[in-house]
Engineer: 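Here it is, the structure in full.
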Number of protein chains: 2
Amino acid sequence: MLTLTPVEAVACCSPLSREPLSREAAERVAPMLKALADPVRLRLLSLVASHEGGEACVCDLNDAFELSQPTISHHLKVLHEAGLLDREKRGVWVYYRSSGAALSALATLISDPAS
Amino acid sequence: MLTLTPVEAVACCSPLSREPLSREAAERVAPMLKALADPVRLRLLSLVASHEGGEACVCDLNDAFELSQPTISHHLKVLHEAGLLDREKRGVWVYYRSSGAALSALATLISDPAS
DNA sequence: CTAAGAGATCGATGGCTGTCGATGTGTGTG
DNA sequence: CACACACATCGACAGCCATCGATCTCTTAG
């Protein structure tokens with residue numbers, strides 16, 4: 001079986017309102033939306049995406065929530081595995097960067113072509 | 001407490017990449033994304049949105065899946081309560097219609113303003 | 001009124017997931 | 001080497017959710 005990157009999994013599809021989504025496409029897209037569908041992950045992604053330089057250090061993200069460090073690490077992993085965040089280790093610190101391509105692909109899929 | 005419609009809950013927010021999403025906003029938006037984040041519901045919404053006239057009868061939707069009638073009814077209810085589908089009963093049949101406003105609002109939230 | 005059909009609701013169940021404390025791994029410091 | 005620190009992983013637990021069969025509600029036909 002060929003494994004697609006998350007971005008490839010979404011870029012394949014025309015907007016929801018244009019033609020019925022196939023079962024295969026729906027099963028590829030749903031995990032990305034699932035990764036987004038959590039208040040903490042939404043805020044994490046927004047923090048990273050809106051941060052200066054488009055990237056943020058985990059050390060800063062931990063302090064932004066009243067949650068344990070493992071929990072934040074878990075959410076970042078989910079976003080990373082969904083293709084929404086890129087991960088880079090620099091020395092002791094880890095930086096996450098938002099994937100504009102993945103977000104744009106999702107937005108295109110959801111957007112209403114009639115409006 | 002003031003209760004917002006789902007569309008109002010999302011229309012309030014600027015794109016994720018523009019500024020950090022507040023906790024309150026994230027908790028309002030996440031349920032809509034959660035409603036979308038299921039393969040069956042994605043296909044249901046796409047079937048309705050892409051259907052002729054922008055609406056579809058439940059009787060047709062049931063036959064499009066190998067799932068029980070209560071399960072389809074459950075998924076339609078979730079999409080309806082999230083504000084993504086409007087519901088109208090005509091005689092014995094029930095028709096669902098997609099809410100372009102809700103989808104557009106979500107797409108704007110997710111879209112990357114830098115691209 | 002009775003019967004039939006469309007669709008919603010209910011109750012149960014197995015699987016998934018957000019959260020935590022404890023621990024592991026890798027990196028820089030002395 | 002020993003220690004401190006940043007972050008990931010592990011195991012456990014409680015709450016949520018997709019699914020189903022059974023049942024209920026409502027509308028139309030006869």
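Order of the sequence lines sets the chain letters (A, B, ...), proteins ahead of strands, with each chain counted from 1.
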Engineer: Is the shortest heavy-atom distance from the side chain of A:Y96 to the side chain of A:E88 under 4.5 Å?
Structural biologist: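 The answer is no; the side chains never approach within 4.5 Å.
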Engineer: Keeping B:S99 on the side-chain end and B:L84 on the backbone end, is there a donor-acceptor pair under 3.5 Å?
Structural biologist: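 Pair absent, no side-chain N/O of B:S99 close to backbone of B:L84.
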Engineer: Under 4.0 Å from any heavy atom of chain B: name the first and the last nucleotide of DNA chain C that qualifies, 5' to 3'.
Structural biologist: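 With heavy atoms of chain B under 4.0 Å away, the range is C:dA6 to C:dT9.
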Engineer: Of all residues at least two apart in sequence or in a different chain, which pass the salt bridge (charged side-chain N to carboxylate O under 4.0 Å, His left out) check with A:E24?
Structural biologist: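 Not a single residue meets the salt bridge (charged side-chain N to carboxylate O under 4.0 Å, His left out) criterion with A:E24.
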Engineer: A:R41: what forms a side chain to side chain donor-acceptor pair (under 3.5 Å) with it, not counting sequence neighbours?
Structural biologist: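 So A:R41 forms a side chain to side chain donor-acceptor pair (under 3.5 Å) with A:H75.
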Engineer: Which heavy-atom pair separates B:P39 from A:A26 by the least distance, and what is that distance?
Structural biologist: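 Between these two residues, the closest heavy atoms are O-CB, 3.6 Å.
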Engineer: Between the protein and nucleotides 4-9 of chain D, list the N/O to N/O atom pairs that are separated by less than 3.5 angstrom.
Structural biologist:
{"unit_1": "D:dC7", "atom_1": "OP1", "unit_2": "A:C59", "atom_2": "N", "d": "3.3"}
{"unit_1": "D:dC7", "atom_1": "OP1", "unit_2": "A:V94", "atom_2": "N", "d": "3.3"}
{"unit_1": "D:dC7", "atom_1": "OP2", "unit_2": "A:C59", "atom_2": "N", "d": "3.0"}
{"unit_1": "D:dA8", "atom_1": "OP1", "unit_2": "A:R87", "atom_2": "NE", "d": "3.4"}
{"unit_1": "D:dA8", "atom_1": "OP1", "unit_2": "A:Y96", "atom_2": "OH", "d": "2.8"}
{"unit_1": "D:dA8", "atom_1": "OP2", "unit_2": "A:S73", "atom_2": "OG", "d": "2.6"}
{"unit_1": "D:dA8", "atom_1": "O5'", "unit_2": "A:S73", "atom_2": "OG", "d": "3.4"}
{"unit_1": "D:dA8", "atom_1": "N7", "unit_2": "A:Q69", "atom_2": "NE2", "d": "2.8"}
{"unit_1": "D:dA8", "atom_1": "N6", "unit_2": "A:Q69", "atom_2": "OE1", "d": "3.2"}

Engineer: Please determine whether salt bridge (Lys or Arg N to Asp or Glu O under 4.0 Å) holds for the pair B:R87 and B:E81, giving the CA-CA distance in whole Å, both sets of side-chain angles, and the decisive distance to 0.1 Å.
Structural biologist: CA-CA 10 Å; B:R87 186 179 178 281; B:E81 289 181 340; over 6 Å; no
Engineer: Apply side chain to side chain donor-acceptor pair (under 3.5 Å) to residues A:T71 and A:S68 and explain how you reach the verdict.
Structural biologist: CA-CA 5 Å; A:T71 298; A:S68 69; 2.9 Å; yes
Engineer: Indicate yes or no: does A:E66 engage B:R23 in a salt bridge with an N to O separation below 4.0 Å.
Structural biologist: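 No, no charged N to carboxylate O under 4.0 Å.
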Engineer: For a quick test of reading the model, state the closest non-hydrogen atom pair linking B:A30 to A:D38 and the distance between them.
Structural biologist: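 Where B:A30 meets A:D38 most closely, the heavy atoms are CB-C, 4.0 Å.
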Engineer: What closest approach, in Å, do B:R97 and B:G53 show between heavy atoms, and which atom pair accounts for it?
Structural biologist: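 Residues B:R97 and B:G53, closest heavy atoms: NH1-O, 3.3 Å.
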Engineer: Using heavy atoms and a sub-4.0 Å distance, could you list which residues of residues 37-46 of chain A are near DNA chain C? By number, please.
Structural biologist: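 Result for residues 37-46 of chain A: A:D38, A:R41, sorted by number.
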Engineer: Between CG of A:L42 and CG of B:L33, what distance do you get to the nearest 0.5 Å?
Structural biologist: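 So the CG of A:L42 and the CG of B:L33 are separated by 5.5 Å.
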Engineer: Kindly calculate the angle separating the two end axes of the helix from C:dC1-D:dG30 to C:dG30-D:dC1, each obtained from five base pairs, and round it to 10 degrees.
Structural biologist: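 Between the axes fitted at each end of the helix from C:dC1-D:dG30 to C:dG30-D:dC1 lies an angle of 20°.
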Engineer: In terms of the nearest nucleotide of DNA chain C, which residue is placed more toward the 5' end: A:L67 or A:R90?
Structural biologist: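 With A:L67 and A:R90 compared, the 5'-side residue is A:L67.
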Engineer: Search all heavy atoms of B:L47 against all heavy atoms of A:P20 and return the closest pair with its distance.
Structural biologist: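 Nearest pair, atom of B:L47 first, then A:P20: CD2-CB, 3.9 Å.
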